[in-house]
Amino acid sequence: MAERTGYAPGTPSWVDCGTPDPEAARAFYTELFGWTAKIGPPETGGYTTFRLRGKAVAGLYGYDERMRQTGAPPGWTTYIASADADGAATAIGDAGGTVLVGPVDVLDMGRMLLARDPAGAVFGVWQAGRHTGAQLVDETGALCRSELYVRDIGEAERFYTQVFGWTYEPMDIGGPQYRTAKASDAVVCGVFEMDASFPPDVPPNWLPYFAVEYTDAAAGLTTQRGGHLYSEPMETSFGRFAILGDPQDVPFAVIQPAPTSAE
């Protein structure tokens with residue numbers, strides 16, 4: 001079990017899903033991952049916090065016309081921890097990105113913004129208040145990996161280095177270019193360059209990976225419950241993964257982590 005009470009700047013710390021049908025999405029994700037759903041009071045807009053064994057692991061909110069007008073699309077958003085959301089907003093603009101929402105205080109929970117990088121991938125920045133991020137990661141039913149899918153890996157490196165100070169190491173995955181991104185020498189995410197095998201209408205995006213016990217079973221349950229299989233389960237050095245979509249066509253990934261040497 002990997003419990004967390006905080007995140008270093010530059011580290012993905014939280015994910016939430018904007019969906020046009022919160023009730024259906026709650027039913028889908030609670031069944032798939034074994035989460036419980038706690039709906040917040042009116043002042044939170046009915047924001048849902050998903051929990052696993054009482055620990056916050058992800059969020060969900062209703063995607064409405066007001067959100068559509070910001071330019072942020074529906075779907076899962078990855079939030080990157082920052083000690084200064086306002087400073088991050090300035091850095092995003094200076095690096096050629098666009099701030100879509102905020103920075104704005106979220107009650108006493110923290111301060112956040114939503115932004116689009118120069119290639120079009122949308123992400124969030126979270127400056128922790130009472131809410132410090134996911135309280136449980138890297139185990140079955142919890143977020144275990146964040147990856148940025150891009151068309152131009154060099155441009156992505158430039159932007160995120162300028163904003164978050166990341167450094168990168170290439171990794172041979174037997175196909176497209178792949179980098180691990182580091183903040184303060186700790187790996188925080190992966191950067192994957194989409195090649196010609198990806199349909200041209202797939203935009204650059206941040207994709208959350210949730211750990212599951214069996215990838216094939218999770219993929220099967222997803223399709224049984226009206227979701228989508230975007231990529232067949234496949235083996236990688238990280239484990240067996242699949243890219244799925246919920247019944248509202250929101251993409252996410254599941255992975256059955258590769259056994260460690262201790263196992």
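Along the sequence shown, residues are numbered consecutively beginning with 1. These numbers were taken from a predicted model, which means no experiment stands behind them.
Follow the hydrophobic side-chain contacts under 4.5 Å out from Met194 and you reach Tyr178 in the same cluster. Hydrophobic clustering (ILVMFWY, side-chain heavy atoms < 4.5 Å, transitive): Val57 and Ile39 are in distinct clusters. No continuous path of hydrophobic side-chain contacts links Val187 to Ile255 [ILVMFWY only; heavy atoms under 4.5 Å]. Leu136 and Leu143 fall within a single hydrophobic cluster, where Ile, Leu, Val, Met, Phe, Trp and Tyr side chains are chained together by heavy-atom contacts under 4.5 Å. One hydrophobic cluster, built from ILVMFWY side chains closer than 4.5 Å, cannot hold both Leu60 and Leu107; they sit in different ones.
The salt bridge (Lys or Arg N to Asp or Glu O under 4.0 Å) check on Asp172 picks up nothing, with sequence neighbours excluded. A search for salt bridge (Lys or Arg N to Asp or Glu O under 4.0 Å) contacts involving Asp84 returns nothing, not counting sequence neighbours. With sequence neighbours left out, the side chain to side chain donor-acceptor pair (under 3.5 Å) criterion links Thr215 to no other residue. For Asp86, the salt bridge (Lys or Arg N to Asp or Glu O under 4.0 Å) partners are Arg111, not counting sequence neighbours. Legend: residues meeting side chain to side chain contact (heavy atoms under 4.5 Å, CB included) with Arg66, ordered by chain and number and at least two apart, are Asp64. Listed by chain and residue number, Glu147 satisfy the salt bridge (Lys or Arg N to Asp or Glu O under 4.0 Å) test with Arg145 (two or more places apart in sequence, or in another chain). Tyr214 is linked by a side chain to side chain contact (heavy atoms under 4.5 Å, CB included) to Ala217, Gln256, counting only residues two or more places apart in sequence or in another chain. The side chain to side chain contact (heavy atoms under 4.5 Å, CB included) check on Asp201 picks up Pro199, with sequence neighbours excluded. For Arg116, there are no side chain to side chain donor-acceptor pair (under 3.5 Å) partners two or more places apart in sequence or in a different chain.
Of the inter-residue distances, the one linking Leu114 atom CG with Met67 atom CE reads 5.5 Å to the nearest 0.5 angstrom. With rounding to the nearest 0.5 angstrom, the CG atom of Asn205 is 14.0 Å from the CH2 atom of Trp76.
Using a 4.0 Å cut-off between a side-chain N of Lys or Arg and a carboxylate O of Asp or Glu, Arg53 and Glu139 qualify as a salt bridge. Of the charged side-chain nitrogens involved, none lies within less than 4.0 Å of a carboxylate oxygen, so that Arg179 and Glu169 do not count as a salt-bridged pair. Ion pair Asp216/Arg240 flagged as a salt bridge, since at least one NZ, NE, NH1 or NH2 atom sits closer than 4.0 Å to an Asp/Glu carboxylate oxygen.
A heavy-atom distance below 4.5 Å is not found between the side chains of Thr167 and Thr161. Put simply, the side chain of Gln135 reaches to within 4.5 Å of the side chain of Arg51, judged on heavy atoms. Looking at heavy atoms from C-beta onward, Met171 lies in side-chain contact with Ser237 at the 4.5 angstrom threshold. Taking 4.5 Å as the limit, some side-chain heavy atom of Val106 sits within range of a side-chain heavy atom of Trp126.
Looking only at distances, no side-chain donor or acceptor of Thr11 sits under 3.5 Å from a matching main-chain atom of Ser13. Of the possible polar contacts, none joining the Thr78 side chain to the Val15 backbone as a donor-acceptor pair under 3.5 Å is found. In this structure, the side chain of Arg225 does not engage the main chain of Pro247 through any donor-acceptor pair within 3.5 Å.
Residues Tyr79 and Tyr7 place their aromatic rings such that the two centres sit no closer than 6.0 Å.
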Evaluate Lys55 against Glu3 for side chain to side chain contact (heavy atoms under 4.5 Å, CB included), listing each step before the verdict. CA-CA 8 Å; Lys55 303 293 184 180; Glu3 295 187 10; 3.7 Å; yes

Test side chain to side chain contact (heavy atoms under 4.5 Å, CB included) on Cys17 and Val250; report intermediate values, then the result. CA-CA 8 Å; Cys17 180; Val250 170; 4.0 Å; yes

Full working for side chain to side chain contact (heavy atoms under 4.5 Å, CB included) between Ser146 and Leu207: CA-CA 6 Å; Ser146 298; Leu207 190 70; over 6 Å; no

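By the 30° and 60° cut-offs, the orientation of the rings of Phe210 relative to Phe33 is tilted.
No more than 12 heavy atoms of other residues, nucleotides or ligands lie within 6.0 Å of CD in Glu23, so this atom counts as exposed by the packing criterion.
When hydrophobic residues (I, L, V, M, F, W, Y) are linked wherever their side-chain heavy atoms come within less than 4.5 Å, the members clustered with Tyr160 are Ile80, Ile92, Val99, Leu113, Phe123, Val125, Leu148, Val150, Ile153, Phe159, Val163, Phe164, Trp166, Tyr168, Val188, Val191, Trp206.
Across all non-hydrogen atoms, the minimal contact from Gly96 to Pro118 is O-CG, 3.6 Å.
For residues 39-72, the pairs satisfying ring pair (Phe, Tyr, Trp, His ring centres under 6.0 Å) are Trp35-Phe50, with sequence neighbours left out. Residue pairs meeting the side chain to side chain donor-acceptor pair (under 3.5 Å) criterion with at least one partner in residues 188-199, sequence neighbours excluded, are Gln177-Glu193, Asp195-Ser197.
Under the 6.0 Å distance and 45° angle rule, Arg26 does not count as a cation-pi partner of Tyr29.
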